[in-house]
Amino acid sequence: MAHSKNRATDGKITYPPGVKEISDKISKEEMVRRLKMVVKTFMDMDQDSEEEKELYLNLALHLASDFFLKHPDKDVRLLVACCLADIFRIYAPEAPYTSPDKLKDIFMFITRQLKGLEDTKSAQFNRYFYLLENIAWVKSYNICFELEDSNEIFTQLYRTLFQVINNGHNQKVHMHMVDLMSSIVCEGDSVSQELLDTVLVNLVPAHKNLNKQAYDLAKALLKRTAQAIEPYITNFFNQVLMLGKTSVSDLSEHVFDLILELYNIDSHLLLSVLPQLEFKLKSNDNDERLQVVKLLAKMFGAKDSELASQNKPLWQCYLGRFNDIHVPVRLECVKFASHCLMNHPDLAKDLTEYLKVRSHDPEEAIRHDVIVSIVTASKKDLSLVNDHLLNFVRERTLDKRWRVRKEAMMGLAQIYKKYALQAEAGKEAAKQISWIKDKLLHIYYQNSIDDRLLVERIFAQYLVPHNLETTERMKCLYYLYATLDGNAVKALNEMWKCQNMLRHHVKDLLDLIKQPKSDSYSKAVFSKVMVITRNLPDPGKTQDFVKKLAQVLEEDEKIRKQLETLVSPSCSCKQAEVCVKEITKKLGSPKQPSNPFLEMVKFLLERIAPVHIDTESISALIKQVNKSIEGTADDEDEGVPTEQAIRAGLELLKVLSFTHPVSFHSAETFESLLGCLKMDDEKVAEAALQIFKNTGSKLEESFPHIKSVLLPVLQQKAKKGPPRQAKYAIHCINAMFSNRDTHFAQIFEPLHKSLDTDNMEQLITPLTTLGHLAMLAPEQFAAPLKSLVANFIVKDLLMNDRIPGKKTTKLWVPDDEVSPETLAKIQGLKLMVRWLLGVKNNQSKSGNSTLRMLTAILSSDGDLTEQGKMGKPDMSRLRLAAGCAVLRLAQEPCYHEIITLEQYQLCALVINDECYQVRQAFAQKLQKGLCRLRLPLEYLAVFTLCAKDPVKERRAHARQCLVKNINLRREYLKQHAAVSEKLTSLLPEYVVPYAIHLLVHDPDYVKVQDIEQLKDIKEALWFVLEILMAKNENNSHAFIRKMVENIKQTKDGQCPDDPKINEKLYTVCDVAMNIVISKSTTYSLDSPKDPVLPARYFTQPDKNFSNTKNYLPPEMKSFFTPGKPKAANVLGAVNKPLSATGKLQTKLSRMETTSNASSNSNPSSPGRSKGRLVCQMHIHVSSFILHYHCKVFFSGCSQSASPSETEKPSRGRKRGAAANQDDKGQESKPKRGRKKAANTSTDDAEDQWGEDSSMAEATLETEDEQNSPPKRGRRGRPPKSAASKDETPSKGRRGRKKTAPPADEENEEEQEEEEDDEDDAGSENMEVKLGVECSEHVLTQVCILSRSVAHSQCVVLMFYRRLLRSR
């Protein structure tokens, strides 16, 4: 040992045996050979070889010389590095090198050699691996802790390792790298920011994507050193997030990406960082909040994340960002929801309330993404979303924006197909979303063609997929139809009807194109093009495309033949698919991927192609119905009772028989229908008869064997079947058999002879059959029918009450409780009317006699004999039958001419009948006749009497009817410009004279100058004028004004010499004139044409008479304030509920679903011009001040006129003593049959025209219209609480009693009145404090100015000056 030390101090280098001196004097190859031997020697040595350690000390020092460390040959450097690594191992824990600089050089040298690990295919890779393994196992780099430049060494080492790691390295390389780096972190005193950046930079997404192995290495390192490195990570984020020192690291801009990655690696790394994020969520910087929200969305939404449960304050703070003022922040929160719902169902409850708010967000994109989030989660697993979330999607199907509506509808459709049709989650899930099919079909009630087309597409692709095999498709349709609600069934029927109608239009166009060209040809083609255009999206643009298609069809015979096949009644579903493909292929062009013309053609083909129904489909559907009848179907498994399934199947077949009659022409189908006729179920047999009626036109010649079996069945049904079956049996014979007269005679004779009033139950069916025979063959049975009507129907049946009716206070009972005698009398009335409708002339004056009979029934409250034997329900039934009979006769011109004005007015009063069901049914019959343009225009005026109906739903329905009829007539006039000679019977504005005349003769209008009665007149007039004046088409306001002026120059045509009636006429005209003046700014313009007044209703104007007198009492002035009727919105609401009957209301009527309040000038109305919108605030202020001064001034006038009126409340208050006294003073007033409910609301404020006349916008208010003015009281609501329920109708009086509203509505409205009282009490106090007086002159000037929006600011300033002076 002493010898060795001496050699060390001597500086002599001892080489291993066999190794000569290694110097620069030898060749590279030799040097490499000798170094390998040295490496082998050091490799074999261990730490216990003290003698060898001393022996080779100088060699160790020599190998660390610059000669070797800077040698140009990489093999030499590698071998030297391996030697140095072993030297550190052998001499550990003390290295033979004491100079800090030398140690730095050595470790930097070793680090550089580690770059050789990058090439795994290199011949020297094993030596590089040995080098790595050695220094990692020995932890050689820990020697550098004491060096000043240790950070530089470690940083360079980390960078090198992260650079060289790649997918060629095995697990051992990865492990040794982690061992090497983790020892530095865990055993060192600190981790510098530079070293930390070297690790963290590999987590940044850009670097992560470039080198996935480096990311994995950093991830493994951080997991290994989590506890040691956490303080340094916390310090870094604290510097950047809290102190804003972004200069501390180049990674400052990636801080949020790093937080996410670190959280995913080990959440403990961020224990102290997460509270800082809560602070950042409340930052004033929008972009910073957005970044934090994006980060937390990923952290909370991660699949295995427990952050929400571990850090509830942060979770609650994050949820608060759903209501952030910055749109992108809210949008990001909403997008996150789907991941959260899918990965953390337990958080759905927390999210539901916030998603509800966001589903009503003003931003379209946010509402859209709410839908996407919920639907995405639902499609993954329905159990992830609750019913509330699905309901949000349901609501958005009525969103104001098409993009949102479309997303909601498509989302629901996809959910339905997955869980209901494909039953991926079982029956419970299918039951949970069973409402979807109904909701989607309800949307077909929308006015937007886009919505309707989407419903059709959804039906064809999701509800009943057209690509299913025929039997499966029909089974799907069968059970769908059986489980739909009533409104959805109507929508589906309407859909087929519209498609069929469009198919006929296209067929007509093809027929026109085949004709030779002429002037009439061009007009006819253009007219048909316009009709087709209205059935496609965006008619403005589509018109040109349809014209182009018509031109293509003229030129291209192949396309024309394909389209002819497609619209042919015999086209099969498979043929339809082929035709559609051929046509689109022919019209498409690969060079033009975006082709609007082709898109339009696809829309058209989609609507007209019969993809569901053909002969094969009908046959399959019939078989499915037969299975249900036989009890072999899967009805119970499908959740449908067998009886319900059979009825629905027959109803479905009945509907399809209208739209696809040719598809029923098969022996198998008709034989199955014959079987249905023999069933005991009346509904089934009835539906089968209707199907035969619709489809059997060629049955006699094509299927004679079925005819021979069917005819006896029909004759038996006509004679002894139920009334409805008898009716359809007669029509079947009429439609199907050529020798119908013979068959009719075989039925008529025995029935005519067997009529007997002793057995009323057996009389109903014969009367029904005879009635329809009378209508279909009046000439064949002319003589016996006249005798039958005169002797049997009138004398024996109608003029005798044989069986006393049940004594009850009920006004209506179900059909099965109506007495047989009453049912027979109703059929008797119908027989009379059907006979007249069949004859279609009044030569025998039978029409006059029948009308007198009908009006006598109405006048006597339904008790024609007035013996008091009839019960109230029976009387109600007969009043309804008589009223509907008059409507039926009025649809024939020959009978309309003989209906007197008194008879017309008495018929009109049925719509105010005391029985709710009578009013309802009569209104529906009236609407049906008007919509078919069969009833004359004066019958449209009958709906004005509904303004005072005590039931809200009836008022709303009447308003819907008015809107639909007015729009229908306007649209008809646009499409048929050549009907100008019929203008007086079609132009809806011509309803005004009829309405005025009807109100003049209103039995409730007794005292000409009575304020309360005039208020009712005003409400009734406004009920119709509001809709007429919503659009000022062709200066219609001036036309109405001119019409009213002309009426005032005439006399009443019914009582021209009665001064009181004429005074009433002029007073009602003044009411109408004031409404027009107060609600229009264009009324003073010239009328487009001179109105023509109906000669029956008004005398010719006296040219020598100029009636300029104002007939209104001064108090009425306060009820007319300026304001424009609000135009109807189309899909203006985020939510549009269905009406009471389930149908979605038309454009204008939809605004009245919660109230039939009239419309005032509303600056937010879509119908206003942009200029008016600019002055929105001024209009609100001026309207308020104007209303206030009107109240003050006119309340002063009323106080001076009548002291008792000073105690009237301002709004909605019940009438007190003064009202009672007024009632007593009117006891002598002639009573009208329909008793008016006592007025309980006589306040000034409720009748302020401008205040009451704002339309009900509850269903149309959208979330982004938060600055709209508060809603006002409801207009036109009749008196509520004082109607007597116990009074019985008096005999012989004209008209009906009006019933009080139902109890629940009374309570609701009384509560509203009490709330209104509180509001107006404050208003009265304000009036007293201000004590402002306003002269009539100033008020008049203000009213004039306020009509002009341009002067609104002047109005405001003038009132403010007035207020200041008065104070």
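A quick note: this is a predicted structure, and the numbers were derived from the prediction, not measured.
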Is the gap between the ring centers of Phe1039 and Tyr990 under 6.0 Å? yes

For Arg970, is there an ion pair with Glu989 - N to carboxylate O distance below 4.0 angstrom? yes

Where the side chain of Thr584 meets the backbone of Val580, is there a donor-acceptor pair that is under 3.5 Å apart? yes

Distance-only polar pair, side chains of Glu938 and His896, donor-acceptor under 3.5 Å: yes

Side chain of Glu469, backbone of Thr471: donor and acceptor closer than 3.5 Å? yes

Is it true that a side-chain atom of Thr695 and a backbone atom of Ile691 form a donor plus acceptor pair closer than 3.5 Å? yes

Looking at Glu554 and Lys517, is there a salt bridge between them, counting it only when a charged N and a carboxylate O are closer than 4.0 Å? yes

Heavy-atom donor-acceptor pair, His1037 side chain to Met1029 backbone, under 3.5 Å: yes

Any donor-acceptor N/O pair, Asn842 side chain to Gly847 backbone, under 3.5 Å: yes

Centroid-centroid distance, Phe692 to Phe670, less than 6.0 Å: yes

Taking Gly771's backbone N and O only, do any of them form a donor-acceptor pair with Arg834's side chain (distance below 3.5 Å, no angle check)? no

Are the side chain of Ser702 and the backbone N or O of Leu699 linked by a donor-acceptor pair below 3.5 Å? no

Check step by step if side chain to side chain donor-acceptor pair (under 3.5 Å) holds for Tyr445 and Glu494. CA-CA 9 Å; Tyr445 289 118; Glu494 181 69 15; over 6 Å; no

Indicate yes or no for a side-chain donor-acceptor contact from Asn967 to the backbone of Val963 under 3.5 Å, with no hydrogens or angles considered. yes

Are Glu651 and Lys654 ion-paired here, with the side-chain N under 4.0 Å from a carboxylate O? yes

For Glu564, the option from Lys514, Lys558, Arg503 that meets salt bridge (Lys or Arg N to Asp or Glu O under 4.0 Å): Lys514

Hey, are Gln927 and Asn965 close enough side-chain-wise for a donor-acceptor pair under 3.5 Å? yes

Would you say Thr533 and Gln543 are linked by a side-chain donor-acceptor pair, where the criterion is simply a distance under 3.5 Å? no

Could you verify whether a donor N or O on one side chain and an acceptor N or O on the other, from His743 and Asn739, lie under 3.5 Å apart? yes

His612 and its ring pair (Phe, Tyr, Trp, His ring centres under 6.0 Å) partner, picked from Tyr478, Phe459, Trp496, Tyr481: Phe459

Considering only NZ, NE, NH1 and NH2 on the basic side and carboxylate oxygens on the acidic side, decide whether Glu582 and Lys586 come within less than 4.0 Å. no

Can you check whether Ser617's main-chain N or O pairs, donor with acceptor, with Thr470's side chain at less than 3.5 Å? no

For the residue pair Thr565 and Ser568, confirm or rule out a side-chain donor-acceptor distance under 3.5 Å. no

Regarding Tyr728 and Gln690, is there a side-chain donor-to-acceptor distance under 3.5 Å anywhere? yes

Answer with yes or no whether the side chains of Asp614 and Ser572 bring together a donor and an acceptor at under 3.5 Å. no

Please determine if Lys548 forms a cation-pi arrangement with Phe597, meaning its NZ or CZ atom is less than 6.0 Å from the six-membered ring centre and no more than 45° off the ring axis. yes

Tell me whether Arg607 contacts the main-chain N or O of Asn535 through its side chain, where contact means a donor paired with an acceptor under 3.5 Å. yes

